[in-house]
Every structure is written in C-alpha cells, then in structure tokens.
Amino acid sequence: MKTLKIAIQKSGRLNEKSVEILKNCGLSFENYKSSLISTVTNFPLEILFLRDDDIPEYVQDGIADLGIVGENVIVESGAEVTYLQKLGFGKCTLKIAIPNESKITEIAQLGGKAIATSYPVILQKYLKENHVDAEVRTISGSVEIGPGLGLSDAICDIVSTGGTLKSNGLKPFAKVMKSEAILIGKAGSDLIPEVQELLQRIRSVLRAKETKYVVLNVAKVDLKKIVDLLPGVKSPTVVPLFDEDWVAVHSVIAEYDFWEKINSLKAAGAQGIVVMPIEKIIA
C-alpha cells in the first residue's frame, strides 16, 4: 500500500480548515501545531506543513502527492497540477481597490497608473485581457499601504470581508478572480487507489455539510404533497406512527433547498419538523 504525502498550509487562514476536513475524514494524527510533518496512524498518509506558496510546486514536482491550497496561489505559481476537488472554504476574491477619493470609474482609466500587488502574474493577465496598460508593482505583504505611501495609485489583493481595505481608506473597484481552497494532485494522482479512497472520504464530508436530515410528522391524507416536496436521496422514508392516521417522514435534503421549501412544507401539513446535521454521506 502506497503512503501518500499531502501538503497543507503550516499557518494562515487555510490551516485550521485543512486540518479539520482531514480529521473529519476519520484520519488520526497529532503534532500538527509543532512539527513540519505528521504521520496519520490509521491511513497511509503523511501530512507536510508548508508555506502555501510552496505547495503547488511540491505537488507538481511529486514531492507531495496531494495539496490543499488557495486557487489564487495555484494560478499565480503557474504550476502544472490537477484540480481534484473544490473544498468550499477559504473563499475570497482577488480585487483591485482604489483610494476612497479616487475619481476612477472604469477599468480603462487604470491605464498609465501604478498598481501594487502580491499577485503580478494574475494581475498582468487580467490587465491584458481588458486591454489596460498599467504598471504592476510587486510588493510582498502589506499591499494595502501602497497608495497611502505614494507607491501606487491602486492595489490588487485578496479581499475576504473588506475590513482591511476600509481601515486603509480604500474601496473595492474591480473583481479579478474568485478563489477557494482546492485539493490538488500531480498528474495521474487520481488513479492511485489510496487517493481515490481519500477523495471518497472528503467528498462524503463535503456532501454532509451541504445537506440536512429532516424528520416531520404529517397526516396520511397529506402525505403525497409532502413526498413531492421532499424527494430525499432517492425517496423519503415513511414510518407509521401510533396514531394510524399519521406518519413520520424522514428525508435527506440540501440545506439551501430545505429553507426554500419550509413554508411549502408547513402549508402542505407538515408538523413537528426537526432538522439535524449529517456527519457523512457515502455515495
């Protein structure tokens, strides 16, 4: 059995969620806060804790079989890796931001301006696609102080909540790309049996996060209406109750779909609705 290596962020905004999803897959490991490598005791896997900028290259070169890293980092690196699974966390947007007092209202007006960024490759591609000839100034860290120090007319940086922009007198102007954490692998890694098993576990955890287990009571005369609203994985489970005129309906449904249907369920006669989280869904 092959022992896989997966690279995740040593510290930063993706570290905690990366560790969490691996542990939710039933993987047992320790020392992840004090070591650069941790061995999983119940699965053939070693976890490497690296700078996120290094992860795509480690995977491309085969030093690690897998990696969890932001899509923005992958694109900026230019590494040749395979996207195996979007993970749904670490969501952010790479945006161009300008000072609050700026008179710029169109992308074309960035022509001839200086833009500070830690993502020159992505920014230059965006500017080229929009036929804008601007000066890209590469800055490592604290990009948002560029306009205040007179180093640039605008910035291009990762934005999550926008609080950092606001505190530095900046406002978002244009969206360059969206990003989230991606599970990546080297070419052909998805054919490795151990990778396939780990992928199945991860996808089971992700599906569970997006769905809820719903139990409700309904009179038999209204059952057809409820079944039509709650299809479940294939069909809902219907359980007789002590009162022969009533049944309990058990169903698995996407959370966003449930909230859209809640009022319709009530109108169709559903009572005692209970919504519970699901730990895992195995396809």
Side-chain angles (χ1 to χ4, degrees), residues 1-92 94 118-119 140-141 158 160 178-211 277-283:
M1 181 174 284
K2 176 180 174 61
T3 297
L4 302 175
K5 290 183 174 62
I6 184 170
I8 69 173
Q9 193 180 56
K10 169 64 176 174
S11 61
R13 63 191 184 91
L14 298 187
N15 170 265
E16 185 176 333
K17 287 293 185 179
S18 297
V19 168
E20 179 182 308
I21 196 168
L22 292 177
K23 285 193 171 287
N24 285 342
C25 288
L27 304 180
S28 179
F29 55 94
E30 297 179 352
N31 301 325
Y32 60 88
K33 291 186 179 180
S34 58
S35 176
L36 295 179
I37 186 168
S38 184
T39 299
V40 175
T41 58
N42 58 349
F43 190 83
L45 181 69
E46 291 181 340
I47 304 170
L48 311 179
F49 298 90
L50 308 174
R51 290 176 61 253
D52 56 356
D53 292 346
D54 294 331
I55 293 174
E57 185 176 349
Y58 269 59
V59 173
Q60 172 188 265
D61 296 344
I63 299 171
D65 301 284
L66 304 169
I68 296 177
V69 68
E71 186 174 8
N72 58 300
V73 177
I74 304 167
V75 175
E76 183 65 25
S77 73
E80 295 182 3
V81 296
T82 300
Y83 284 28
L84 297 176
Q85 180 67 50
K86 291 187 175 183
L87 299 175
F89 62 84
K91 292 184 177 182
C92 59
L94 187 63
S118 297
Y119 300 94
S140 298
I158 290 296
S160 295
K178 288 187 175 181
S179 177
E180 67 178 278
I182 307 281
L183 177 69
I184 59 174
K186 63 182 180 181
S189 61
D190 55 330
L191 302 178
I192 300 172
E194 291 79 10
V195 171
Q196 293 174 347
E197 182 177 344
L198 183 59
L199 258 175
Q200 181 184 25
R201 293 192 187 194
I202 289 173
R203 287 168 178 165
S204 296
V205 170
L206 293 176
R207 280 195 294 269
K209 285 187 175 182
E210 296 170 355
T211 56
I278 298 174
E279 184 175 339
K280 295 174 183 66
I281 296 180
I282 309 301

With side chain to side chain contact (heavy atoms under 4.5 Å, CB included) as the test, would you mind laying out the steps for S18 and F89 before giving the verdict?
CA-CA 9 Å; S18 297; F89 62 84; 3.9 Å; yes
Would you say that more than 12 heavy atoms from the other residues, nucleotides or ligands in this model lie under 6.0 Å from the CD of Q85, or not?
yes
Which pair of non-hydrogen atoms, one from G185 and one from L66, has the smallest distance, and what is that distance?
CA-CD2, 4.2 Å
Are K2 and D65 packed together at the side-chain level, in the sense that at least one heavy-atom pair is separated by less than 4.5 angstrom?
yes
Enter the distance from F49:CZ to I8:CD1 here, rounded to the nearest 0.5 Å.
4.5 Å
Interatomic distance, OG@S189 vs CG@L198, rounded to 0.5 Å, equals 10.5 Å
Mind listing the closest non-hydrogen atom pair of G70 and S179 along with its distance?
C-OG, 3.9 Å
Looking at CD of Q60 and CD1 of I74, how far apart are the two atoms once the value is rounded to the nearest 0.5 Å?
12.0 Å
Looking at K209 and P277, would you say the former's side chain and the latter's main chain have a donor-acceptor pair under 3.5 Å?
no
OH/Y119: more than 12 non-hydrogen atoms of other groups inside 6.0 Å
yes
Just how far is it from atom CG of L4 to atom CD1 of I47, taken to the nearest 0.5 Å?
11.0 Å
Rounded to the nearest 0.5 Å, how far apart are CD1 of I184 and NZ of K86?
14.0 Å
Begin from the C-alpha positions of C92 and R13 and carry the test side chain to side chain contact (heavy atoms under 4.5 Å, CB included) through to its verdict.
CA-CA 11 Å; C92 59; R13 63 191 184 91; 3.1 Å; yes
Can any side-chain N or O of E46 pair as donor or acceptor with the backbone N or O of K5 at less than 3.5 Å?
no
Nearest 0.5 Å please: distance from the CD atom of E197 over to the CD atom of Q200.
7.0 Å
Quick one, L199 and L183 - any side-chain contact, counting heavy atoms below 4.5 Å?
yes
May I ask you to decide if D190's main-chain N or O and Q196's side chain share a donor-acceptor pair within less than 3.5 Å?
yes
Closest non-hydrogen atoms of I55 and I68, given as atom of the first, atom of the second and distance, are CD1-O, 3.6 Å
For A187 versus T82, what's the shortest heavy-atom pair and its separation?
CA-OG1, 3.8 Å
Near E80 CD, under 6.0 Å, is it more than 12 heavy atoms from other residues, nucleotides or ligands?
no
Of all heavy-atom pairs linking I182 and L87, the shortest is C-CD1, 4.1 Å
N/O donor-acceptor pair under 3.5 Å between S38 side chain and E30 backbone:
yes
Let me see the working for L206 and I21 under side chain to side chain contact (heavy atoms under 4.5 Å, CB included), right down to the final yes or no.
CA-CA 9 Å; L206 293 176; I21 196 168; 3.8 Å; yes
Close side-chain approach of I6 and L22, heavy atoms under 4.5 Å
yes
For the student: nearest non-hydrogen atoms of E194 and F43, plus distance
O-CZ, 3.6 Å
Answer with yes or no whether the side chains of D52 and Q9 bring together a donor and an acceptor at under 3.5 Å.
yes
Please lay out, stage by stage, how F29 and T41 fare under the test side chain to side chain contact (heavy atoms under 4.5 Å, CB included).
CA-CA 6 Å; F29 55 94; T41 58; over 6 Å; no
